[in-house]
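Here is how names work: the chains are called A, B, and so on, in the same order as the sequence lines, proteins then strands, and each is numbered from 1. Side chains included, hydrogens not; waters and symmetry mates left out as well; all remaining heavy atoms used.
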Amino acid sequence: MSGMLYSLVALGFVLIFKASGVFNFAQGAMVLFAALAMARFSEWIPDWLGMENLFVANLLAFAVSVVIMFVVAWLIERLALRYLVNQDGATLLMATLGIAYVLDGIGQTIFGSDIYKIDVGMPKEPVMMLESVFEGGILINKEDFIAALIAALLVISLSIFFQKTATGRALRAVADDHQAAQSIGIPLDRIWVIVWCVAGITALVAGIIWGSKLGVQFSLSTIALRALPVVILGGLTSVPGAIIGGLIIGVGEKLSEVFLGPYVGGGIEIWFAYMLALVFLLFRPQGLFGEKIIDRV
Amino acid sequence: MSGRKIGEVILDLKNISLSFGGVKALQDISFNVLEHEIRAIIGPNGAGKSSMLNVINGVYTPQQGEIIFRGQHHANMDSYGAAKAGLARTFQNIALFKGMSVLDNIMTGRNLKMKANMLQQAFWFGPAQREELEHRAKVEEIIDFLEIQHIRKTPVGRLPYGLQKRVDLARALAMEPQILLLDEPMAGMNVEEKQDMCRFILDVNDQFGTTVVLIEHDMGVVMDISDRVVVLDYGKKIGDGTPDEVRANPDVISAYLGASH
Amino acid sequence: MFYRENGQFKTSYKADQQVFAIPQDRWAILALVVFAFVGVPMLVDEYMFRAILVPFLILSLAALGVNILVGYCGQITLGAGASMAVGAYAAYNFMIRIDGMPALASILLGGLMAAAVGIVFGVPSLRVRGLYLAVATLAAQFFCDWAFLRIRWFTNDSSSGSVSVPDISLFGWTINSPTDKYLFCLGILVVFSLMAKNLVRGNMGRQWMAIRDMDVAATVIGIRPMYSKLTAFAVSSFYLGVAGALWGFVNLGSWEPAAFSIDRSLQLLFMVIIGGMGAISGSFFGAAFIVILPIFLNQMLPLVGSLFGLEVSIALVSHVEFIIFGSLIVFFLIVEPHGIARLWATGREKLRLWPFPH
């Protein structure tokens, strides 16, 4: 079920890429940052306010984290991206690598670098599903199931946001051509702040789900690297691609580990996804669902 | 124009058709280019002039037709092959190497003629050094010819447009091409720059005997300097001949004046 | 005497094409190299050699490799660490599996092996670029991480997964003291830098830069993208491979695959960005910066902290390091994409005109 989480991270990638043409290497750092904020505030808030109710505390922590992610998004735009408009992709990519470092550093300076827990009261016990459909059913973690639901909800609302609202249209215009969008009066800076906010929130959601499952720790930052092949597989510009790509990679990793692993000594899940992505790069660089890349002279 | 003699057919294009998806960029176009002549391709916007040039030097591969260069058939020449065969070109939107100096840009034009291997280059040894000096001398001749000595060491990104166009031409000349393809060499220039450019084109043709195929918007310039003109409109050839013949061609007049379509 | 080239007239193209066309530069660099060989060993202590100078030299060499690929040929790579790993493990295997293999030869062979692997992993660059290429190189990185961890043959079936090499010797000169190590690496670096400079100022380098700046135009004047890109990958990987072998043999002595992880790749990329893309000197600036900054922060931060009565933990120092690196990268990409090397060049340019700036 890690596939679902890859999807969520991949979704963050796709959103930012679609809307700004920036490939955001800092997505993983944002997941870590958001998860850290969530974990620590849900710990601190009950202390400060002296209350016991876990639910309210989580809600407050969530709200605070959302605000923090907004601030982060705004700062990123203000301090870095604003000056990098119309630079080529590789430069932007390296810039986001720099941003990732900064976020990792600041996040751990403020929130500490131990392993923290997030407890949002997700049920942990496994349940049998679809027993009525066929014999035995499927054994599923309720937690995973809820995570999947949340992800689906997020995707649907984002699709509506992209397709139906004026802001969504502006976002897509910016993605097509920075300059053209600017010339018809779309405020580039504001759009970028919005995109990064949205990406920040997906990062927060991914961080919470991941964090409540495995704890919040530095290694969260590296799931950006794990989710990268997902984006390549699904296509950089496709939201459904991110979801399906995530599932394929998630399942593929496990299957390859089970079936191929014993022959080659195990631990192959880390590069298996990348090799899959590499094959796609060579034969179908736009991914499963992406738009074709056309070069013009 | 003294001294030069129009020769045999050097480049023959037969029934070239090119389409992108459903868009027919070129339809069944044939014409030829004679050695040492200045041949112009004109036509309104979107007529397929640049596509034609791209077909000639192998950037695009036409779906139909053949290209005969010096008696050799080239069904699908790629741009590397074209360069090797002796076709050089300039670009409409200057395609210089922005991070390099003028000198280095022009030196890249010599790359096909440089033979030293990587190890020799790494140690700057024997042939590598000799070669570098020989070609430098050759490149300096071109720099003198095009009167760009003063900007030799300047990164091209810093140069004004007119000079960039000149460097583009210099780089193409450094290849010592048999045919020089010029894609709107005078676009966006002021009158003086245009005059300079015309002079350079005529001089190149005259002194080196280089065959020139050029695309140009400015009708006045084209009619003045070219020997023969091909007119394209909507991917079809509507006229071919000397400037005077073309000027008198009713199809050409209607295409340019926009009458009776 | 002012630093000036006025009045210095070149009478041949040969004179004009020298590596350091201004005599003052030439003397300065020569003096620097002589000082590095003779003066430094007399002045510094063992700690300086071990902690700063040897790592600096080797990382400079690696940064040169990355710079050739990223700075000159414009092909982004996040797999530099993998090339270093290939070089290190290949050199190790050449050394232990072939009797009487001289150390220098196995280091160079390690470099060649890295070049071969580099070419294979450079193949995707013929189809994709930019971000997609970054992913492809990451694939190489993760694959190599795994291969050297899991495939026992590479590590000569060592049980712990780490390998170690004895002190190496060169024509009877055993390299074991820090000074020896320093001189050995310095020698290699000087030779390799000169080679790199020669490559980038000649035909090869112009082809790489042409591909970087405008690949369509490059093909049209007869540059084969495949040849140029793959040679860039090969040369770059060769440098990285030699650097990796040195890192393992000379700097570490014994190592695990983690020494060449993705972090190393990123670190090398950052060196090149901060130091200066497309400038040989940038590789040195970048390496120096990355080696010195952590040490500097380790010394400085606790001091600054104590001023304010704060205790600065080691963790905090490493976090601050992250923040500073990250911000500097963004800063350089925005303000000066050509890095410290360009700042240096601009400074020199000013000096050339000083005191009459117009």
Does the side chain of A:Ile68 come within less than 4.5 Å of A:Phe33's, by heavy atoms? yes

Nearest heavy-atom neighbours spanning A:Met69 and A:Ala34: SD-CB, 3.7 Å

Contact origin within C:Met214 toward chain A - heavy atom pairs under 4.5 Å: neither

For C:Phe148 together with C:Phe260, are the ring centres under 6.0 Å from each other? no

Check C:Ser236 against C:Gly65 and note the closest heavy-atom contact, atom names and distance. OG-O, 3.0 Å

Heavy-atom contact with chain A under 4.5 Å, split by part of C:Ile329: side chain

Under 4.5 Å from any heavy atom of chain C - which part of A:Leu278: side chain

Could you tell me whether the side chain of A:Glu77 reaches within less than 4.5 Å of the side chain of A:Trp196, counting heavy atoms only? no

Are C:Tyr89 and C:Trp153 an aromatic pair, judged by ring center distance below 6.0 Å? no

Under 4.5 Å from any heavy atom of chain C - which part of A:Leu93: side chain

Find the one option among C:Asp145, C:Val135, C:Val330 whose heavy-atom pairs under 4.5 Å with chain A are most numerous. C:Val135

Residue C:Leu269 versus chain A: region with a heavy atom under 4.5 Å: side chain

Interface moiety of C:Ala147 toward chain A, non-hydrogen atoms closer than 4.5 Å: neither

Name the region of C:Leu333, side chain, backbone, both or neither, that has any atom closer than 4.5 Å to a heavy atom of chain A. both

Top of C:Ile273, C:Leu266, C:Leu138, C:Val335 for chain A proximity - count of heavy-atom pairs under 4.5 angstrom: C:Leu138

Bottom line for C:Phe270: the part with an atom under 4.5 Å from chain A's heavy atoms is side chain

Say whether, by atom type as modelled, one donor and one acceptor occur between the side chain of C:Asn67 and the main chain of C:Tyr72 under 3.5 angstrom. no

Please report the closest heavy-atom contact between C:Met209 and C:Val200, naming both atoms and the distance. CE-O, 3.7 Å

Given a strict heavy-atom distance threshold of 4.5 Å, which part of A:Leu79 is in contact with chain C: side chain, backbone, both, or neither? backbone

Under 3.5 Å, is there a donor-acceptor pair between the side chain of A:Thr96 and the main chain of A:Phe25? yes

Whatever's closer than 4.5 Å to a heavy atom in chain A on C:Leu78 counts as side chain

Under 4.5 Å from any heavy atom of chain A - which part of C:Ile262: side chain

